Asks: 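First the structure, which I've put down as C-alpha cells, then a few questions once you've had a look.
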Amino acid sequence: YIDKQRPKVFVLENVRGLQSINKGEYFKAIMESLEQLGGYNITVGLMDTKQHGIPHHRVRTYIVGIRQDVDQGTFSFPEPIPCSSIERFLECRPSRAFASRSLPPASQTNARKNVVDTKRTLRRQGSDPAEEDIIIDCDSTPRFSKWMPGVSPCITCGRKNGHWVTSRGRRFLKTEMMRLQGMDPTKFKVVVSDAKLGHQLGNTMSVNVLERLFCRALPAAGLVRPNSLCDRWADGSAVKSLAATRSAALATDFGRLRTAPPKRAPPSGIAAKAAKAPRRS
C-alpha cells in the first residue's frame, strides 16, 4: 500500500518484542523494506498506553514514516502524561458483599483458581480486594498469572473474555474494554459475536496513542497548520468524554443489541403478492 499510494504519513504498529524476536531479524527485514521504498524519514519508538492517559499496560512498537518532500522536521514521539484513575473507565460498583464473594464459574478452572489465589494473597498482604481496583489476568495459566492495582494488564486476543476486576466481582464488560482502548462505545457499531468483538479489541491499536502520534505527525507532514490540533489526552478532555459514556443501561443494551437477530425486510413485488395470496387446501 505504501509503495503504491505514497502517503505523506504512515504509522505501523507491532508487539513490543518485534525488535528482539528471532534475534531482531524480523525487525531488520521490516526496516530494510521501508528503506527500499525510498523518500521517507522513519522514526521508531516504544509507547505504553498507560503512559498516555489510559490505565492499560500495553507496550507496542510504533513506526512512523513521513515523506521527505513534505517533512517539516518537527516530528517527535509524545512525552508521557499522567494516567487517569481506572474508576473513570468502569461501571458503578456493586455491593461490597457481592464483590467479595463473586468468583468465575467452576467450569473456568484456571480463571477461578487465579482469582481465588490472588485474592488470598492480597488479603495476606493487608489489601481488601472488594474495595481496591485490582485487575487480574485470570485466563493465564496459574504459573504465569499476574495482577495489577488500578491498571489493566494488556488486553490481547487471548484475553477476549476480559480480565477480572476484584472491586466489581466480575470480568471487564466489553464497553469497559473499549474505553481502555480509547474507544467511545456509544459510537461503535457492533456486527460480530461477543467472542469476535473481544478478539478485535485485543488486536486493535490504542486510540489515545494513535491520536497523540497524529497530533504531531500531521503538522510535521504539512497536512495541517502547526499547533492547530488539540491533544485531547494531554488536556484531559478525551478521558472526560469517555467517562461520560459510563452507563449500566448502555452496557446492558450493548449486549442486547449485539446479539439481536437482524430484522427481515418485508417482501416486495412478486414475492409480496405471493405471500398475500390465499393458500389452496
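What you see is a predicted model; the values in this text were computed from it and never measured.
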Asks: Phe172 vs Val165, test: side-chain contact (heavy atoms from CB on, under 4.5 Å). Steps then yes/no.
Replies: CA-CA 7 Å; Phe172 278 144; Val165 191; 3.5 Å; yes
Asks: Mind checking whether Asp235 and Cys230 have side chains closer than 4.5 Å, heavy atoms only?
Replies: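 Of all side-chain heavy-atom pairs linking Cys230 with Asp235, at least one is under 4.5 Å.
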Asks: Does the pair Lys119 and Leu103 meet the rule for a side-chain contact (heavy atoms from CB on, under 4.5 Å), with working shown?
Replies: CA-CA 10 Å; Lys119 291 171 75 171; Leu103 293 170; 4.1 Å; yes
Asks: One pair to check against side-chain contact (heavy atoms from CB on, under 4.5 Å): Met183 and Leu201. What are the steps and the verdict?
Replies: CA-CA 10 Å; Met183 302 166 67; Leu201 292 173; 3.8 Å; yes
Asks: Show your reasoning for whether side-chain contact (heavy atoms from CB on, under 4.5 Å) applies to Lys174 and Met177.
Replies: CA-CA 5 Å; Lys174 290 300 186 290; Met177 292 169 67; 3.8 Å; yes
Asks: Using only atom types and a distance under 3.5 Å, with no angle test, would you say the side chain of Arg179 pairs donor to acceptor with the backbone of Thr245?
Replies: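 It does hold such a pair.
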Asks: So, does Glu132 use its side chain to make a donor-acceptor pair with the main chain of Ala130 at under 3.5 Å?
Replies: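 The answer is no, because no donor-acceptor pair under 3.5 Å joins these two groups.
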Asks: When you group the ILVMFWY residues by side-chain heavy-atom contacts below 4.5 Å and let the links chain together, are Trp147 and Phe144 in the same group?
Replies: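 Cluster IDs for Phe144 and Trp147 differ.
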Asks: Can you tell whether the side chains of Lys8 and Asp69 come within less than 4.0 Å, N to carboxylate O?
Replies: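 Salt bridge: no.
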Asks: If only atom types and distance count, is the side chain of His52 paired as donor or acceptor with the main-chain N or O of Asn208 below 3.5 Å?
Replies: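 No, His52 side chain to Asn208 backbone: no donor-acceptor pair under 3.5 Å.
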Asks: Can you name the closest pair of heavy atoms from Asn41 and Asp71 and give their distance?
Replies: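 Looks like ND2-OD2, 2.7 Å.
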Asks: Write down the atom of Val9, the atom of Ala221, and the distance for their closest heavy-atom approach.
Replies: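 So the two residues come closest at CG2-CB, 3.2 Å.
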Asks: If I take atom CG from residue Asn203 and atom CD1 from residue Ile155, how far apart are they, to the nearest 0.5 angstrom?
Replies: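 Asn203 CG to Ile155 CD1: 12.5 Å, rounded to 0.5 Å.
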Asks: Per the salt bridge (charged side-chain N to carboxylate O under 4.0 Å, His left out) rule, which among Arg171, Arg159, Arg112, Lys113 passes with Asp139?
Replies: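 Only match with Asp139 under salt bridge (charged side-chain N to carboxylate O under 4.0 Å, His left out): Arg171.
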Asks: So, do Leu229 and Pro219 sit near enough that their side-chain heavy atoms are less than 4.5 Å apart?
Replies: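 When only atoms from C-beta onward are counted, Pro219 and Leu229 do touch, with a gap below 4.5 Å.
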Asks: Do Glu176 and Arg168 sit within salt-bridge range, that is, some charged N less than 4.0 Å from a carboxylate O?
Replies: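 Arg168 and Glu176: not salt-bridged.
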Asks: Can you tell me how far OG of Ser145 sits from CG of Asp117, rounded to the nearest 0.5 angstrom?
Replies: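 Between Asp117 CG and Ser145 OG, I get 8.0 Å after rounding to 0.5 Å.
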Asks: Decide whether Ile136 and Leu122 are clustered together by the hydrophobic rule: side chain heavy atoms of Ile, Leu, Val, Met, Phe, Trp, Tyr closer than 4.5 Å, transitively.
Replies: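 Ile136 and Leu122: one cluster.
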Asks: Ignoring hydrogens and geometry, is there a side-chain-to-backbone donor-acceptor pair from Arg212 to Glu79 under 3.5 Å?
Replies: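 Flag set: sc Arg212 to bb Glu79 pair under 3.5 Å.
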Asks: Just checking Gln125: does its CD atom have more than 12 heavy atoms from other residues, nucleotides or ligands closer to it than 6.0 angstrom?
Replies: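 Yes, the 6.0 Å shell around CD holds more than 12 heavy atoms from other groups.
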Asks: Does the side chain of His199 come under 3.5 Å of the side chain of Lys160 through a donor N or O and an acceptor N or O?
Replies: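 His199 vs Lys160: no donor-acceptor pair found between side chains.
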Asks: Is it the case that the side chain of Glu91 and the backbone of Ser247 share a donor-acceptor pair, with hydrogens and angles ignored and the cut-off at 3.5 Å?
Replies: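 Side chain of Glu91 to backbone of Ser247, a donor-acceptor pair under 3.5 Å: yes, one is there.
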Asks: Less than 4.5 Å apart, side chain to side chain, heavy atoms only: is that true for Phe27 and Ile21?
Replies: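 Contact flag for Phe27/Ile21 side chains = no.
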Asks: Should Tyr1 and Phe10 be marked as a ring pair (Phe, Tyr, Trp, His ring centres under 6.0 Å) after you check the CA-CA gap, both sets of side-chain angles, and the distance that decides it?
Replies: CA-CA 10 Å; Tyr1 175 85; Phe10 66 80; 9.6 Å; no
Asks: If you measure from the Lys or Arg side-chain nitrogens to the Asp or Glu carboxylate oxygens, is any gap between Arg216 and Asp231 under 4.0 Å?
Replies: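 A salt bridge is present here (some side-chain N lies under 4.0 Å from a carboxylate O).
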Asks: Quick check on the hydrophobic clustering: are Leu180 and Met178 connected, directly or via other members, by side-chain heavy-atom contacts under 4.5 Å?
Replies: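 They do share one cluster, since a chain of ILVMFWY contacts under 4.5 Å joins Leu180 to Met178.
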Asks: Any sub-3.5 Å donor-acceptor pair from Thr204's side-chain atoms to Gln200's backbone N or O?
Replies: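 Side chain of Thr204 to backbone of Gln200: no pair is present.
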Asks: Taking all non-hydrogen atoms of both residues, which atom of Ala99 and which atom of Ser167 are closest, and how far apart?
Replies: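 Closest heavy-atom pair between Ala99 and Ser167: CB-O, 3.6 Å.
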Asks: Taking the side chain as everything from C-beta on, heavy atoms only, tell me whether Thr118 gets closer than 4.5 Å to Trp164.
Replies: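 Side chain of Thr118 against side chain of Trp164, heavy atoms only: no contact under 4.5 Å found.
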Asks: Kindly work out whether a path of hydrophobic side-chain contacts (I/L/V/M/F/W/Y, heavy atoms less than 4.5 Å apart) joins Val70 to Leu37.
Replies: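 The answer is no; the residues belong to distinct hydrophobic clusters.
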Asks: Could you check whether Asn14 and Thr61, counting side-chain N and O atoms only, form a donor-acceptor pair closer than 3.5 Å?
Replies: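 Not at all, the side chains of Thr61 and Asn14 share no donor-acceptor pair under 3.5 Å.
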Asks: Could you pull out the closest heavy-atom pair between Ile66 and Phe75, with the gap in Å?
Replies: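 So the minimum-distance heavy-atom pair works out to CD1-CB, 3.7 Å.
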Asks: Is Val44 close to Gln19 at the side-chain level, that is, under 4.5 Å between some pair of heavy atoms?
Replies: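 Yes, side chains in contact.
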Asks: Side chains of Val207 and Leu210, heavy atoms from C-beta outward: is any pair under 4.5 Å?
Replies: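 Val207 vs Leu210: side chains apart.
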Asks: Using 0.5 Å steps for rounding, measure from the NZ atom of Lys50 to the CD1 atom of Ile86.
Replies: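 That separation rounds to 12.5 Å.
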Asks: Which atom names give the shortest non-hydrogen contact between Thr166 and Pro129, and what distance separates them?
Replies: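 Looks like OG1-O, 2.7 Å.
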Asks: Between Lys146 and Asp137, is there a salt bridge with N-O shorter than 4.0 Å?
Replies: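 Yes, Asp137 and Lys146 are salt-bridged.
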Asks: For Tyr26, look at atom OH and say whether over 12 heavy atoms of other residues, nucleotides or ligands are found less than 6.0 Å away.
Replies: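 No, because the 6.0 Å sphere around OH of Tyr26 holds 12 heavy atoms or fewer from other groups.
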Asks: To the nearest 0.5 Å, tell me how far His56 NE2 sits from Ser152 OG.
Replies: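 Rounded to the nearest 0.5 Å, the NE2-OG separation comes out at 4.5 Å.
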Asks: Please check: side-chain N/O of His163 versus main-chain N/O of Cys154, any donor-acceptor pairing under 3.5 Å?
Replies: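 Checking the backbone N and O of Cys154 against the side chain of His163, a donor-acceptor pair under 3.5 Å is found.
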Asks: Counting N and O atoms only, with roles assigned by atom type, does the side chain of Glu35 sit under 3.5 Å from a partner on the main chain of Met31, one being a donor and the other an acceptor?
Replies: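 Judged by distance alone, no pair lies under 3.5 Å.
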Asks: Hey, is the main chain of Pro185 close enough, under 3.5 Å, to the side chain of Thr175 for a donor-acceptor pair?
Replies: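 A pair under 3.5 Å: no.
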Asks: Salt bridge or not for Arg246 and Glu87, using N-O below 4.0 Å?
Replies: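 No, this pair does not count.
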Asks: When you group the ILVMFWY residues by side-chain heavy-atom contacts below 4.5 Å and let the links chain together, are Phe77 and Ile54 in the same group?
Replies: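 Unlinked, Ile54 and Phe77 end up in two clusters.
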Asks: If every non-hydrogen atom of Val239 is compared with every non-hydrogen atom of Gly53, which pair is closest and at what distance?
Replies: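 Heavy-atom minimum between the residues: CG2-O, 3.7 Å.
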Asks: To the nearest 0.5 angstrom, please state how far the CG atom of Leu12 sits from the CZ atom of Arg60.
Replies: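 Answer for the CG-CZ pair, Leu12 versus Arg60, is 14.5 Å.
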Asks: Tell me whether Asn114 contacts the main-chain N or O of Ser140 through its side chain, where contact means a donor paired with an acceptor under 3.5 Å.
Replies: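 Pair found, side chain donor or acceptor close to backbone of Ser140.
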Asks: If you draw a 6.0 Å radius around CZ in Arg16, do more than 12 non-hydrogen atoms from other residues or ligands fall strictly inside?
Replies: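 Counting other residues, nucleotides and ligands, CZ of Arg16 stays at 12 neighbours or fewer.
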Asks: Just wondering, do Met148 and Pro55 contact through their side chains at under 4.5 Å, heavy atoms?
Replies: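 With C-beta onward as the side chain, the pair stays apart.
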Asks: So, are Arg93 and Asp133 salt-bridged, with charged N and O less than 4.0 Å apart?
Replies: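 The answer is yes: the pair qualifies as a salt bridge.
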Asks: When rounded to the nearest 0.5 angstrom, what is the spacing between CG in Leu34 and CD1 in Ile2?
Replies: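 Interatomic distance, Leu34 CG to Ile2 CD1, rounded to 0.5 Å: 6.0 Å.
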Asks: Report yes if the side chains of Arg6 and Tyr40 come closer than 4.5 Å at any heavy-atom pair, otherwise no.
Replies: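 Yes, side chains in contact.
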